[in-house]
Q: 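Below you'll find the structure I mean.
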Amino acid sequence: MMSELVELSNHDGVGVITVENPPVNALSSMVLNLLERCLLAGEKDPAIQALVLIGGGRTFIAGADINEFLEVLAGRRALADLHPFLARMEDCSKPIVAAIHGSALGGGLELAMAAHYRVATSDAQVGQPETRLGIIPGAGGTQRLPRLVGVVKAAEMCALGSPLKASAAFELGILDEIITGDLLAGAIAFAKKKARQGAQHPKTRERNDKLGSAESNASALAALRGEVRKSRKNLNAPLAAVDAVEAAALLPFDEGCRNERKIFDQCLFSLEARALIHAFFAERAVTKIPGLQKAAPVASVQQAAIVGAGTMGAGIAMCFANAGIPVRLTDQDPSALERGMKNIRQNYDNSVKRGRISAEVSEHRQGLIRPQPDHDGFENADIIVEAVFENLALKKQIFAAFDAVAKAGCVLASNTSTLSIDEIALAVSRPARVVGLHFFSPANVMRLVEVVRGQATGSDVIASSMALAKRLGKVGVLVGNCFGFVGNRMMFPYMREAQFLVEEGATPEQVDAVLTDFGMAMGIFAVDDMAGIDVAWRVRQEFRHLEQPGVRKPLVADQLYAMNRLGQKTGKGWYRYGEDRKPVPDPEVHSLIEETARKAGIPRRRISNEEIIERTIFAMINEGVRILDEGYALRAGDIDTIYLNGYGFPNYRGGPMWYADTVGLRTISTRIKEYQRAHGKLWEPAALLERLIAEGRTLSSWDEQKQ
Ligand code: 3HC
Ligand code: NAI
């Protein structure tokens with residue numbers, strides 16, 4: 001039996017149902033209908049003794065089709081109900097084997113758990129990642145999974161959403177066999193064996209042996225809830241998932257499923273789910289760059305080289321090594337190179353100690369990083385990354401040296417955070433090869449890379465840079481070449497307003513507490529102390545000429561710098577730091593702020609938490625809208641992806657641009673105009689904000705129009 005998406009074919013008495021719904025075989029309503037038809041046909045066919053369910057292409061079924069959730073949210077379709085089909089699978093008189101490669105996630109795993117048996121390749125992964133989308137499993141996952149692995153483990157898997165490798169899933173009893181060699185052949189052999197044995201085939205829903213009781217699960221679930229409240233702060237879905245799984249030990253299967261569905265519906269229609277689903281698609285949309293053909297061949301990086309072995313250079317070297325790419329690392333200062341290599345070693349040693357990688361993998365990766373005093377071998381590199389001090393003349397000198405040594409197709413990248421890629425490109429004879437690759441610190445940990453397009457940067461260089469980011473396990477987002485690019489440019493007004501607020505009467509700890517309550521990973525003053533008060537000071541020196549006379553500027557940070565209160569590195573900055581590096585409010589800083597405000601004639605008053613959010617986050621949003629209008633970011637969703645992956649913006653708010661839509665552009669504009677009346681020019685509303693309001697549109701609709 002044939003259809004475009006699902007096909008049933010007879011392999012020597014075993015009916016193989018293949019799902020071919022690229023790219024990830026998402027379980028759409030159409031796929032579900034066709035699966036049902038193939039299942040019925042296979043069950044009826046006397047020439048078929050057993051059934052194998054397998055995914056075509058690169059994966060098993062990676063989940064329900066998330067696009068359909070958007071249609072449900074828009075009121076354009078009803079939510080599909082998978083339960084009748086899954087029950088029919090379990091009740092099938094012939095054994096059904098799910099054969100898994102790639103990923104069996106969400107609805108994919110739920111489907112596999114309704115099969116009688118599950119086999120997988122050793123590199124497959126299985127999991128219930130729904131909470132990452134703000135929802136919970138909605139097709140019996142919270143009821144079948146605990147029947148295979150126990151309530152506590154299932155609650156952990158559903159709440160945290162991390163997938164399991166095949167070996168772990170086998171140990172836990174989710175998988176019945178790991179297939180070495182050809183998956184389909186192995187699955188067919190397995191199915192034939194089960195058909196021959198002829199016994200009753202296990203129905204997951206009827207298994208109760210691992211469920212335990214309310215009492216036996218209680219303390220472990222309480223501990224899990226505690227962990228979830230900490231690690232998934234302010235999120236609802238992970239706790240809801242624990243509730244749904246807990247019910248498996250309290251309610252009969254069908255009732256447990258009804259309970260799950262009720263919770264699922266509540267989650268789906270929440271702001272959290274809308275924001276997280278937006279974030280999912282926004283992250284995938286960043287690769288769609290007008291003018292770049294996705295299918296165009298991209299030269300793969302075989303060898304890399306880095307100049308500058310400081311904080312960033314050493315971290316970037318690890319990124320290459322982690323992706324299996326040999327990398328040469330050099331520094332003008334032999335002791336800096338030595339220090340960089342020592343940091344790299346310590347980092348890998350820590351990963352081994354924490355059990356994240358094995359000692360062999362660590363050795364192998366370190367072996368891929370080759371420290372050297374010169375540019376020897378740079379002529380073979382496919383990419384050279386510059387990560388020296390933030391100084392334009394120096395960077396130009398380094399790029400001129402690259403020009404002399406690099407081969408024709410080499411990408412010449414700068415990790416600059418503030419300097420102009422166009423200026424840097426003037427130093428070489430081939431400006432089309434020059435691009436910014438703005439990694440974030442610590443480079444081996446942070447997922448974001450801003451790929452900065454200069455005026456001359458070639459499309460092939462952009463395509464290679466985006467592909468490289470993906471290969472390094474990063475999210476590359478294309479941005480234009482403006483001061484601070486996208487992420488830092490939006491940080492400037494955010495930081496500025498935070499400092500104004502303390503001058504006007506707030507304290508650093510009040511501002512930081514309000515921001516972390518809002519969901520930011522860290523408060524802005526704690527961030528400044530971590531990055532180093534001197535770092536921002538240096539940037540200010542470099543760009544003093546851009547300051548406009550008569551426009552208010554923050555007054556305290558320069559004084560902290562002058563007092564050598566450089567943040568964590570000197571034990572004092574906006575806060576004091578003890579051994580544990582936790583920020584402690586410092587009365588000395590309070591006095592400094594009060595004294596500064598007094599001298600500058602800034603009246604002090606009680607600042608409300610609401611004002612703190614508006615002044616910081618709305619200022620950031622206003623700048624983001626300006627960036628969009630000026631074309632330095634392609635989409636509002638790109639800005640959100642930058643903020644979610646590089647700046648600790650709360651994912652359940654979808655990023656600053658999505659958040660702006662949820663607050664309402666009109667509300668934001670009204671408040672911005674009030675601040676403009678109180679504080680002047682710095683609060684001028686972005687022109688695009690006013691245009692969108694006049695047209696009754698949102699930032700999301702701005703993106704849709706650009707699709
Ligand atoms: N529905 C619709 N589209 C999906 C999808 C899904 N579940 N999963 C992935 N896609 C799309 C992506 O949007 C992307 O589309 P594009 O090429 O047009 O941009 C394409 O598939 C490839 O995705 P990735 O770039 O992420 O591919 P990777 O190879 O890097 O990763 C993956 C593959 C691990 C499967 C990853 O895509 C993933 O994690 N997907 C989501 C899995 C998930 O959350 N499943 C649960 C869904 S909810 C559910 O099942 C509810 C159920 O309980 C009822
Ligand atoms: P760093 O001071 O830790 O390291 C710079 C290294 O470059 C030093 O080891 C120095 O000896 C070396 N160097 C200087 N001149 C050189 C030359 N002529 N040849 C070879 N090596 C030379 O600086 P960091 O923090 O690593 O910053 C590097 C670049 O990355 C800067 O452009 C910075 O703006 C950018 N950046 C920094 C981030 C951070 O958080 N530290 C984040 C993102 C970008």
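Just the heavy atoms: all of them, side chains too, but no hydrogens, waters or symmetry mates, feed the values below. Note that this is a predicted model, so its numbers are computed, not measured.
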Q: Can you tell whether the side chains of E227 and K230 come within less than 4.0 Å, N to carboxylate O?
A: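 No, E227 and K230 are not salt-bridged.
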Q: Salt-bridged, E90 to R144, with N to O below 4.0 Å?
A: yes
Q: Are the side chain of E156 and the backbone of L224 linked by a donor-acceptor contact shorter than 3.5 Å?
A: no
Q: Within 45° of the axis and under 6.0 Å from the centre of the six-membered ring of F649, does NZ or CZ of R653 qualify?
A: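 Ring-cation test returns no.
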Q: Between D12 and K192, is there a side-chain N and carboxylate O pair less than 4.0 Å apart?
A: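 The answer is yes: the pair qualifies as a salt bridge.
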Q: Looking at E20 and G55, would you say the former's side chain and the latter's main chain have a donor-acceptor pair under 3.5 Å?
A: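 Flag not set: sc E20 to bb G55 has no pair under 3.5 Å.
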Q: Please determine whether a side-chain nitrogen of the Lys or Arg among D91 and R205 lies less than 4.0 Å from a carboxylate oxygen of the Asp or Glu.
A: yes
Q: Is D265 salt-bridged to R261, cutoff N-O under 4.0 Å?
A: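 Salt bridge flag = yes for R261 with D265.
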Q: What residue pairs, at least two apart or across chains, pass salt bridge (Lys or Arg N to Asp or Glu O under 4.0 Å) with a residue in residues 39-50?
A: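 Output for this query is empty, none listed.
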Q: If we ignore hydrogens and angles and just use 3.5 Å, is the side chain of N444 paired with the main-chain N or O of C319 as donor and acceptor?
A: no
Q: Minimum heavy-atom separation for G56 to N25, with atom names?
A: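 Nearest pair, atom of G56 first, then N25: O-ND2, 2.9 Å.
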Q: Are any of the side-chain nitrogens in R447 or E283 under 4.0 Å away from the carboxylate oxygens of its partner?
A: yes
Q: Go through the structure and list residues passing salt bridge (charged side-chain N to carboxylate O under 4.0 Å, His left out) with R225, not counting sequence neighbours.
A: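 By the salt bridge (charged side-chain N to carboxylate O under 4.0 Å, His left out) rule, R225 matches D243, E246.
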Q: Any donor-acceptor pair under 3.5 Å linking the side chain of K203 with the backbone of H116?
A: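 Flag not set: sc K203 to bb H116 has no pair under 3.5 Å.
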Q: Taking the ring of H438 and the ring of F440, is the distance between their centroids below 6.0 Å?
A: yes
Q: Taking E450 for its side chain and G487 for its backbone only, find out whether a donor-acceptor pair lies under 3.5 Å.
A: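 Judged by distance alone, yes, a pair lies under 3.5 Å.
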Q: Please test I325 against L368 for side chain to side chain contact (heavy atoms under 4.5 Å, CB included), starting from the C-alpha separation and ending with a verdict.
A: CA-CA 7 Å; I325 301 170; L368 289 172; over 6 Å; no
Q: With a 4.5 Å limit on heavy-atom distance, are the side chains of L51 and V14 in contact?
A: no
